[in-house]
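See structure below.
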Amino acid sequence: MPTAAAQPTLHDPLPLASGQVLPNRIMKSALSEGLANGDNAPDARLERLYARWSRGGYGLIVTGNVMVDRRHCGEPGNVAMEDERHLPALTRWAKIAKDGGAKVWVQLNHPGRQANPIVTRTRAVAPSAIAVGIPGIPAPRALTEDEIVDIIARFGAAARVAEAAGFDGVQIHGAHGYLVSQFLSPLSNQRTDAWGGDAERRRRFVLEVVRSIRAAVRPGFGVGIKLNSADFQRGGFSEDESRAVIEQLSAEQVDLIEISGGSYESPAMLDRPRTVSTSTRAREAYFLDYAETARQAAGAIPIAVTGGFRSHSAMSAALADGTCDLIGLGRPTAVIPSAAADLLGERTATLPTPHITLGLPPRLAANGGLKSADGALDLQWHTDQLHLLGAGNDPDPDRSPWRTAVTMLRRNGFDAFRSKRSAAPRSAADRAARKFRTERAVGRYVMNPTVRALGKVGIRTAFAGEIETVGRKSGEARRVPVSLLFDDQGAWAICQHGLRSGWGLNISANPNIRVRQGDRWRTGTAVLLPDDDVVARTRSFAPHPALAPFARGVFAALESDPVTVRITFTDN
C-alpha cells in the first residue's frame with residue numbers, strides 16, 4: 001500500500017509508459033454513441049457531444065466503440081475507421097474532444113458474433129460457429145486463418161488512422177463479449193488450431209492485435225485495453241485466465257488496462273451483482289476485488305476500474321489504497337457531462353444514479369427475460385441522453401423510461417423480438433418456405449381472430465378493417481382483415497404479403513371489391529401498386545407521428561413483402 005505521503009488523489013496526474021501524462025485520475029469511459037452518419041463517419045452531432053465532454057474536466061476521454069471493419073457493426077450509428085477516407089471529419093472530432101486538455105483515445109472494436117443484424121448485411125463471424133445466446137442474433141460462421149490475420153491488421157490500420165487524425169491513443173475493446181473476448185473465452189472459441197484449443201492459444205489473438213497496433217504507430221501514441229475480469233458464465237473466461245492475459249500484456253508496451261466484466265449474454269457491466277458484501281457495497285465499484293489481484297499481475301501498468309463509482313469518497317479511497325490508478329465513469333457522464341469537473345471542484349460529492357426501469361409488478365420484474373430487457377432499457381436511456389447532447393440540448397434526467405422503450409423500437413424495429421436463428425445457413429427455398437409459414441400462421445391465428453373479436457365488440461379502427469374480394473377459383477366472397485386509410489374518393493390499403501397474397505391475386509383477377517368503412521360496406525375497384533413507396537405509405541397509417549416507424553417495423557418483423565393497394569369507391 002502506498003505511504004501516506006505518496007497516496008494519489010483524483011487531482012494527481014498519471015504518467016504512462018508511452019510518455020503521455022493524464023492531467024488527473026478521472027476517465028470518461030467508452031459509451032457507444034450511435035451518432036455516425038450513414039457512411040459510418042462522425043458528423044456535427046459527435047462534435048457537439050464531445051465539446052461538452054471536453055469541458056467536463058476529465059484526464060482521459062475514451063470514445064465509444066469504433067469499428068475496424070464497416071461490414072461488421074455492433075449497433076446502428078457506429079463510426080468505422082478503416083482508412084483515411086473520413087480523415088477531415090475524424091480530425092475535427094479529435095480536435096474538439098481535446099480542446100479542454102484531456103487526452104483522447106479511440107476505442108477500437110470488432111463485434112464478431114455480436115454484430116447487429118439490422119445494420120450488418122454480411123454474416124457475422126467469430127472464432128467458432130457458435131451462436132450468442134441473444135434472441136434475434138444470427139449464428140456466426142467460423143473465421144478462416146486468413147480472415148483472422150486480416151482483422152489483426154485492421155486494428156493496426158485503424159490505430160494508424162486515429163494517430164493521423166490527432167487522437168492521443170487507442171483502446172482495444174477486449175470485453176463485453178465482442179470479438180477479442182470471444183477469442184479468449186472457451187465457450188465461444190472452440191478452435192483446435194493455433195488460435196484456440198487451450199488458454200495460451202486463445203490469448204494469441206489479443207496479443208497479436210496489440211503488436212499490430214504498436215507496430216503501426218509512434219512510441220508516444222497510447223495503447224490500452226478494456227478487459228473482462230470474467231464473463232460470468234459457467235465454463236467461460238475466468239478470473240485466473242484474465243490475470244494470465246494481464247501478465248502477458250505487461251510485456252507488450254501497453255499503457256493502461258481497464259477492468260470490466262460480463263457480456264451481453266451475462267451483463268455484469270450493466271448493474272451491481274444481486275448479492276454483495278457490506279464492504280463491497282461501501283466501495284461501490286463492481287470489480288475492485290478483482291482489480292486488487294490484477295494489479296499484481298499488471299506490474300507497472302496502471303489499472304483503471306469502471307462500473308459503480310458514484311461518490312468522491314469511494315473514488316478517493318480506491319486510489320489511496322492502491323487498488324486502481326484511474327477511475328472510470330461511464331453512464332454518469334451521459335447525464336452529467338461535467339462529472340469530473342464537478343467532483344474535482346467539489347461542486348458535488350456524489351453523482352446521482354437514475355434507476356431506469358419500466359416499473360413492472362414484482363412478479364413480472366423477476367422474469368429473467370424482462371430483467372435483461374430492463375438492462376437494455378437502461379443502456380438505451382443513457383444513449384438517448386447522448387443523442388440529446390449531440391443535438392445541442394441538455395440531458396433530461398427526468399426522461400420517461402417508457403419514452404425510451406418507444407425509441408428502442410423506432411431505432412431497432414422488431415428484430416430484437418425474433419427467435420434465435422439456427423447455425424446452418426438456409427437456402428432461398430428454405431427462407432421462402434419459412435416466410436410463407438410465418439405469414440400464414442400470423443394471418444390465420446393472430447390477425448383474423450383479432451379482427452373478428454374486435455368487430456364483435458363494436459371496435460372499428462384503421463388497423464382492424466376488412467376487404468371482401470371474389471375468389472378467383474371458387475367465385476365466392478372472401479373477407480380478410482386489412483389496414484385501411486380512408487379519404488373522400490376511396491381508401492389506401494396495404495396488402496401485407498403482396499403478390500403472394502390470396503386476396504392480392506383475387507384483385508388482379510377481379511378488381512371489383514367491397515370494403516368495410518365503420519359499420520358500412522362500400523363497393524369499389526382496387527388496383528395493386530407495386531411501384532408505390534410502401535414504407536412511406538405505411539407510415540401514413542399511424543394515428544400519431546411518433547408511432548409512424550412501427551408500421552413498417554411490423555411488416556419487417558413478419559418477414560412479409562407488402563404492396564400498396566388503391567381502392568376507388570364506385571357507390572358515391
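We're numbering straight along the sequence, starting at 1. All values derive from a computational prediction rather than experimental measurement.
Residues passing the salt bridge (Lys or Arg N to Asp or Glu O under 4.0 Å) test with Asp39: none are found, sequence neighbours excluded. Remark: Arg160 engages no residue in a salt bridge (Lys or Arg N to Asp or Glu O under 4.0 Å) (not counting sequence neighbours). For Trp105, there are no ring-ring contact (aromatic ring centres under 6.0 Å, His included) partners, not counting sequence neighbours. Considering only residues two or more places apart in sequence or on other chains, Arg295 meets the salt bridge (Lys or Arg N to Asp or Glu O under 4.0 Å) condition with Asp325. Evaluation of the salt bridge (Lys or Arg N to Asp or Glu O under 4.0 Å) rule for Arg202 yields Glu241 as partners, not counting sequence neighbours. In this structure, the side-chain contact (heavy atoms from CB on, under 4.5 Å) partners of Arg85, at least two apart in sequence or on a different chain, are Arg70, Glu82, Asp83. Every side-chain contact (heavy atoms from CB on, under 4.5 Å) that Ala41 has, sequence neighbours left out, goes to Asn37, His86. With sequence neighbours excluded, the residues satisfying side-chain contact (heavy atoms from CB on, under 4.5 Å) with Ser128 are Ile130, Asn189, Gln190, Arg191. In terms of the side-chain hydrogen bond (donor to acceptor under 3.5 Å, both in side chains) criterion, Tyr58 has no residue partners (sequence neighbours excluded). In this structure Glu84 satisfies the side-chain contact (heavy atoms from CB on, under 4.5 Å) test together with Leu87, Val161, Ala164, sequence neighbours excluded. Listed by chain and residue number, Asp198 satisfy the side-chain hydrogen bond (donor to acceptor under 3.5 Å, both in side chains) test with Arg201 (two or more places apart in sequence, or in another chain).
Side-chain contact between Ser32 and Asn65: present, with at least one pair of heavy atoms (C-beta onward) separated by less than 4.5 Å. Taking the side chain as every heavy atom from C-beta outward, Val119 and Glu75 never approach each other to under 4.5 Å.
To the nearest 0.5 Å, atom CD1 of residue Ile301 and atom CD of residue Glu247 are 11.0 Å apart. Within the model, atoms CG of Leu60 and CD1 of Ile327 stand 13.0 Å from one another, a figure rounded to the nearest 0.5 Å.
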Inset, instruction - Kindly indicate, with the supporting measurements, whether the criterion salt bridge (Lys or Arg N to Asp or Glu O under 4.0 Å) is fulfilled by Glu200 and Arg203. - result: CA-CA 5 Å; Glu200 183 175 357; Arg203 290 194 289 269; 5.2 Å; no

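Across all their heavy atoms, Val106 and Ala162 have their closest contact at CG2-CB, 4.2 Å.
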Would you give me the side-chain donor-acceptor pairs under 3.5 Å for residues 141-149, sequence neighbours excluded?
from   : atom 1 : to     : atom 2 : distance (Å)
Arg141 : NH1    : Glu147 : OE1    : 3.0
Arg141 : NH1    : Glu147 : OE2    : 3.2
Arg141 : NH2    : Glu147 : OE2    : 2.6
Thr144 : OG1    : Glu147 : N      : 3.2
Thr144 : OG1    : Glu147 : OE1    : 3.4
Glu145 : OE1    : Trp195 : NE1    : 3.1
Glu145 : OE2    : Trp195 : NE1    : 3.3
Glu147 : OE1    : Thr144 : N      : 2.9

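At a cut-off of 3.5 Å, with distance as the only test, a side-chain donor of Glu258 or Ser29 sits close to an acceptor on the other residue.
Side chain of Asn78 to backbone of Val66: no donor-acceptor contact under 3.5 angstrom is found.
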